[in-house]
Amino acid sequence: MYTDLVLDHFTNPRNVGEIEEADGVGEVGNPVCGDVTRISIAVGEGDVITDVKFKTFGCGAAVATSSMLTEMVVGKSLREAADVSNVAVAEALGGLPPKKMHCSNLAADALQAAIRDYLLRSGREAEIDEILASPPKAPEPSSH
Amino acid sequence: MYTDLVLDHFTNPRNVGEIEEADGVGEVGNPVCGDVTRISIAVGEGDVITDVKFKTFGCGAAVATSSMLTEMVVGKSLREAADVSNVAVAEALGGLPPKKMHCSNLAADALQAAIRDYLLRSGREAEIDEILASPPKAPEPSSH
Amino acid sequence: MKPVYFDHAATTPVDPRVFEAMTPFFCERFGNPSEPHRLGREARSAVDQARARVAALLGAGENEIVFTAGGTEADNLALFGSLARLQPGHLVVSAVEHPAVMEAARALNGRGWDVDYVPVDGDGVVDREAYRAAFRDDTRLVSVMTANNVVGTVQPVAELARIAHQKGALFHTDAVQAVGSLPVDVDELGVDMLSLSGHKLHGPKGVGALYVRRGTRLQPLLHGGGQERRLRSGTENVPGIVGLGVAMTLACEAMPEVRPRLERLRDRLVAGVLARVPEVTLLGHPTDRLPGNAAFAVRYVEGESLLLRLDARGFTVSSGSACAAGSDEPSPVVQALGVRPEDAHGSLRVSLGRENTEEEVDAFLDALPPIVDELRRMSPLYAKR
Amino acid sequence: MKPVYFDHAATTPVDPRVFEAMTPFFCERFGNPSEPHRLGREARSAVDQARARVAALLGAGENEIVFTAGGTEADNLALFGSLARLQPGHLVVSAVEHPAVMEAARALNGRGWDVDYVPVDGDGVVDREAYRAAFRDDTRLVSVMTANNVVGTVQPVAELARIAHQKGALFHTDAVQAVGSLPVDVDELGVDMLSLSGHKLHGPKGVGALYVRRGTRLQPLLHGGGQERRLRSGTENVPGIVGLGVAMTLACEAMPEVRPRLERLRDRLVAGVLARVPEVTLLGHPTDRLPGNAAFAVRYVEGESLLLRLDARGFTVSSGSACAAGSDEPSPVVQALGVRPEDAHGSLRVSLGRENTEEEVDAFLDALPPIVDELRRMSPLYAKR
Ligand SMILES: Cc1ncc(COP(=O)(O)O)c(C=O)c1O
Ligand SMILES: Cc1ncc(COP(=O)(O)O)c(C=O)c1O
């Protein structure tokens with residue numbers, strides 16, 4: 001089932017919580033489906049993500065991928081962070097059980113929603129397509 | 001499966017063989033079906049069976065019922081001996097496995113064939129029906 | 001503290017006495033029961049003895065017991081076997097059956113059978129009106145479980161079977177969770193077929209039995225050497241069957257002592273959880289439930305997360321039923337009770353067994369609240385409630 | 001002398017190392033592999049490890065292995081499972097299949113499938129011409145066993161599978177007698193499905209496996225929780241599966257040493273029997289046969305009687321195949337070789353295993369002639385010959 005790394009991230013999740021006065025917030029998933037992830041980011045000089053926090057309602061894989069993602073993107077530029085795919089997060093965790101792959105879609109999607117939110121808030125709609133271009137999968141509609 | 005008594009009669013069968021100059025001989029069964037029993041009798045004063053021997057090609061149950069039958073009928077009159085049914089032999093053995101009941105049909109049938117043979121040889125055809133009347137099952141055609 | 005096992009509804013440890021009884025049949029008394037030699041006869045009589053035990057404990061006759069490879073096979077044999085000869089007609093099952101019945105019913109549906117899934121009330125008890133109304137002229141079989149594996153609710157099987165018989169249908173009950181925990185007598189229940197499984201009653205995995213009332217015609221699922229009165233071919237799992245016989249005997253013997261003790265432990269656990277954790281509901285019937293089953297919906301928390309955190313703290317529980325596929329769906333059983341899907345995701349099943357103690361229950365009651373708290377603080381739903 | 005076990009084709013004792021490997025999974029590591037907690041994960045990884053072993057030993061991929069409750073279930077799953085979705089068409093099996101394949105084929109016949117039973121020659125080898133001629137446009141599946149359980153003949157499976165594929169049919173082989181005794185590689189054989197069973201290779205009863213080549217579509221026989229990639233539901237028999245994995249590993253590791261040794265023992269036994277007992281024929285192929293199988297037709301003697309007498313003298317043998325029903329029929333396999341029914345009744349199967357010794361074979365060769373003699377003297381057929 002779960003790798004030791006998944007269990008470690010699940011048991012001691014990194015960066016849990018919500019950034020007060022966040023620069024961008026994204027939430028994806030649906031409680032009816034059993035998983036919701038909310039990611040808030042702080043963006044500093046040169047579009048660098050200086051802080052990131054998550055809240056997740058979901059299974060072990062959903063929590064672990066959220067935690068892993070936050071570790072992977074802090075210090076990265078928005079462009080680089082948007083490049084981190086769900087698959088990359090699952091790989092960084094040493095793999096997920098096949099039936100859990102869908103849960104791993106939440107974290108990266110929530111981050112992209114947060115980036116999009118940041119760009120919208122800062123009047124940079126024009127850049128959304130370019131910055132979020134690389135990941136093959138378009139983020140799901142977000143709300144915050 | 002087999003009771004201890006069946007196994008005992010199978011392992012140490014009583015009255016195996018063929019009476020030389022027998023008064024009556026009966027053989028029933030079919031090698032193609034896997035069981036043949038041949039019984040020879042000596043008949044003394046007052047129609048009493050003074051000796052009986054069997055040969056059987058067949059499974060454990062076929063051998064054991066043959067052996068048990070010979071023990072049950074020696075010393076009996078033809079009339080009494082003809083009364084010993086296949087079911088009675090099986091009961092005397094403490095029962096047989098359901099799928100083996102058909103093998104237990106051979107012994108009593110062979111005895112009846114032997115009695116019939118004796119009556120025919122001694123010109124007592126007229127008595128056949130009376131003496132062999134009681135058993136519900138008519139003996140199969142015999143040859144010797 | 002050593003880990004506390006609270007997942008007896010998923011499976012149970014084999015009782016050491018059961019294991020001991022099985023042991024000689026692996027390496028020494030290993031004969032094939034179909035062989036007429038001594039080793040074979042020895043194996044045959046061990047199987048027959050187990051059959052006599054299982055039969056007696058159910059109030060059944062010896063040739064009404066068919067050994068199978070488990071509860072799933074027993075359920076499948078009951079449904080497919082009893083309907084195989086018939087023209088497709090109508091089948092009634094409850095909405096809270098185990099997947100072994102549910103999926104068999106679905107497969108029958110694919111072969112032309114109409115299936116009605118009778119709803120349950122908020123406590124998980126089959127709705128009598130809906131049940132009566134479900135019958136049709138061509139209803140051939142009803143399958144309602146004796147006790148539910150997720151929420152523990154015990155069904156009024158005797159009453160439901162009587163109704164089915166009045167309507168001319170056969171009645172099967174999946175008693176996999178009940179046998180060994182509650183008294184089960186096939187004549188009192190009045191059922192035509194009844195499934196049970198070894199590993200739920202401190203016996204081995206991979207062995208079970210189907211009770212088939214004399215006169216009930218069945219087609220086999222497994223064809224071959226003709227074992228089990230031609231109803232289930234395959235070399236008999238002799239150690240497993242021996243283990244099942246001994247396990248059932250031990251469970252039934254211990255029941256008068258174990259059952260009230262488990263009920264007390266369970267009630268203590270339920271009361272403690274409800275008192276100490278806010279926004280938690282008990283699932284299933286408050287009293288007509290399995291002695292060891294305590295099931296809850298914990299709002300704003302996802303079940304697997306809760307299970308894994310409790311596991312990390314030494315408490316082995318379940319978040320519903322254990323099955324290999326689709327376990328990220330909220331339990332259909334919990335939803336059938338009317339619980340909203342988002343709350344059904346937070347289902348927690350604590351199933352006690354005869355080796356559990358009050359200390360373990362109290363330790364659990366101390367461990368649970370901070371874990372729920374932690375998960376809720378992590379949940380984006382909780383802040384918004 | 002302690003009893004000599006010469007009935008390895010019926011079943012084998014569990015190897016003590018296998019039993020040792022299984023032991024912890026009964027009372028301690030007893031988790032349900034479908035549960036995500038530690039105990040469940042432990043059980044899951046034990047099952048996965050066994051699967052990896054079985055797969056590697058067959059040259060298969062891990063997700064090509066479906067664990068079942070034995071050889072019979074594997075055979076039934078292969079036949080029913082691969083044909084379930086299809087419109088009834090045509091099925092080809094050999095005339096010497098085990099009842100697990102034979103009866104499944106008969107049941108399919110009852111559901112509208114045409115079945116051809118391809119004859120074998122006097123050595124028990126499938127007749128190539130009849131085989132080729134059996135195919136029709138709608139032949140969907142062929143099932144020919146790797147090695148026969150009664151007379152030991154090994155079939156040219158690779159060649160037969162190639163022909164089946166040319167004709168567009170799937171190919172299944174029942175390798176229950178072969179696996180563990182002969183090298184078996186699914187790619188060398190080129191089969192789509194292959195059955196094996198634990199208790200024939202010093203593993204436990206009640207567990208087996210079906211190899212299913214990637215891309216072969218199968219419907220399950222047992223529906224439920226979705227275990228075994230939905231192909232075989234039911235809580236996994238964890239100790240049994242672990243035992244199968246270890247048993248197969250041990251058997252395959254030992255094969256280079258055991259196989260030639262068994263062949264020498266078997267040849268000694270065959271030569272001895274033919275030399276010492278008149279009117280006896282060797283059944284099956286003189287050389288292309290299972291290493292441990294020596295099968296004979298002993299004229300004027302009924303098989304069960306011979307078996308029971310040998311048993312009373314401490315030699316455990318068989319009079320053909322072990323199956324629960326109809327065992328008083330002469331073996332259909334022996335008859336398929338052209339042996340007359342009255343002679344087929346006298347079939348004797350001596351199946352050697354890795355623990356047997358030359359001393360045991362020699363003791364048997366001393367014991368057999370007087371027993372045959374005694375039975376012949378008791379036989380009304382012998383005098384008349
Ligand atoms: C109610 C119920 N029915 C059937 C089964 C299936 O039994 P088994 O796991 O022995 O196949 C289970 C448990 O898994 C169960 O709880
Ligand atoms: C060739 C063959 N196929 C199938 C089987 C059935 O296997 P199992 O007894 O494990 O059901 C056997 C043995 O019984 C066999 O010898």
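The figures here come from the full heavy-atom set of this structure, side chains too, leaving out hydrogens, waters and symmetry mates.
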Is it the backbone or the side chain of [X] that comes under 4.5 Å from a heavy atom of chain C, or both, or neither?
X      : value
D:N76  : side chain
D:V317 : backbone
D:L307 : side chain
D:R309 : neither

Take the angle between the ring planes of C:F80 and D:H223 and call it parallel below 30°, perpendicular above 60°, tilted in between. tilted
Ring-plane angle category for C:F26 and D:F19, please: parallel below 30°, perpendicular beyond 60°, tilted otherwise. tilted
[X] [atom1] to [Y] [atom2] distance, which is reported to the nearest 0.5 Å:
X      : Y     : atom1 : atom2 : result
C:R17  : D:C27 : CZ    : SG    : 11.0 Å
C:D7   : D:L39 : CG    : CG    : 8.5 Å
C:E236 : D:T11 : CD    : OG1   : 10.5 Å
C:E73  : D:T68 : CD    : OG1   : 10.5 Å

Please rank [options] by heavy-atom pairs under 4.5 Å with chain C and give me the top one.
options                      : value
D:S197, D:A107, D:P13        : D:P13
D:A105, D:P36, D:G70         : D:P36
D:I241, D:L310, D:V18, D:T12 : D:T12

Check whether any side-chain heavy atom of D:R38 lies under 4.5 Å from a side-chain heavy atom of C:P3, and answer yes or no. yes
Should C:D311 and D:E35 be marked as a side-chain contact (heavy atoms from CB on, under 4.5 Å) after you check the CA-CA gap, both sets of side-chain angles, and the distance that decides it? CA-CA 11 Å; C:D311 191 36; D:E35 289 283 356; over 6 Å; no
Which atoms of [X] approach chain D - backbone, side chain, both or neither, heavy atom under 4.5 Å:
X      : answer
C:R41  : side chain
C:R29  : neither
C:L222 : both

Please determine, among C:E103, C:R106, C:H37, the option with the most heavy-atom pairs under 4.5 Å with chain D. C:H37
Flag the one option from C:D15, C:T23, C:L79 with the top tally of heavy-atom pairs under 4.5 Å to chain D. C:T23
Report yes if the distance between the aromatic ring centroids of D:H199 and C:F30 is under 6.0 Å, otherwise no. no
Just wondering, more than 12 heavy atoms not from C:E355 lying within 6.0 Å of its CD? yes
Any chance CZ of C:R313 has more than 12 other-residue heavy atoms, nucleotides or ligands included, within less than 6.0 Å? no
Test: C:E28 and D:K2 ion pair at under 4.0 Å: no
On a heavy-atom basis, the closest approach of C:G31 and D:K205 is O-CE, 3.6 Å
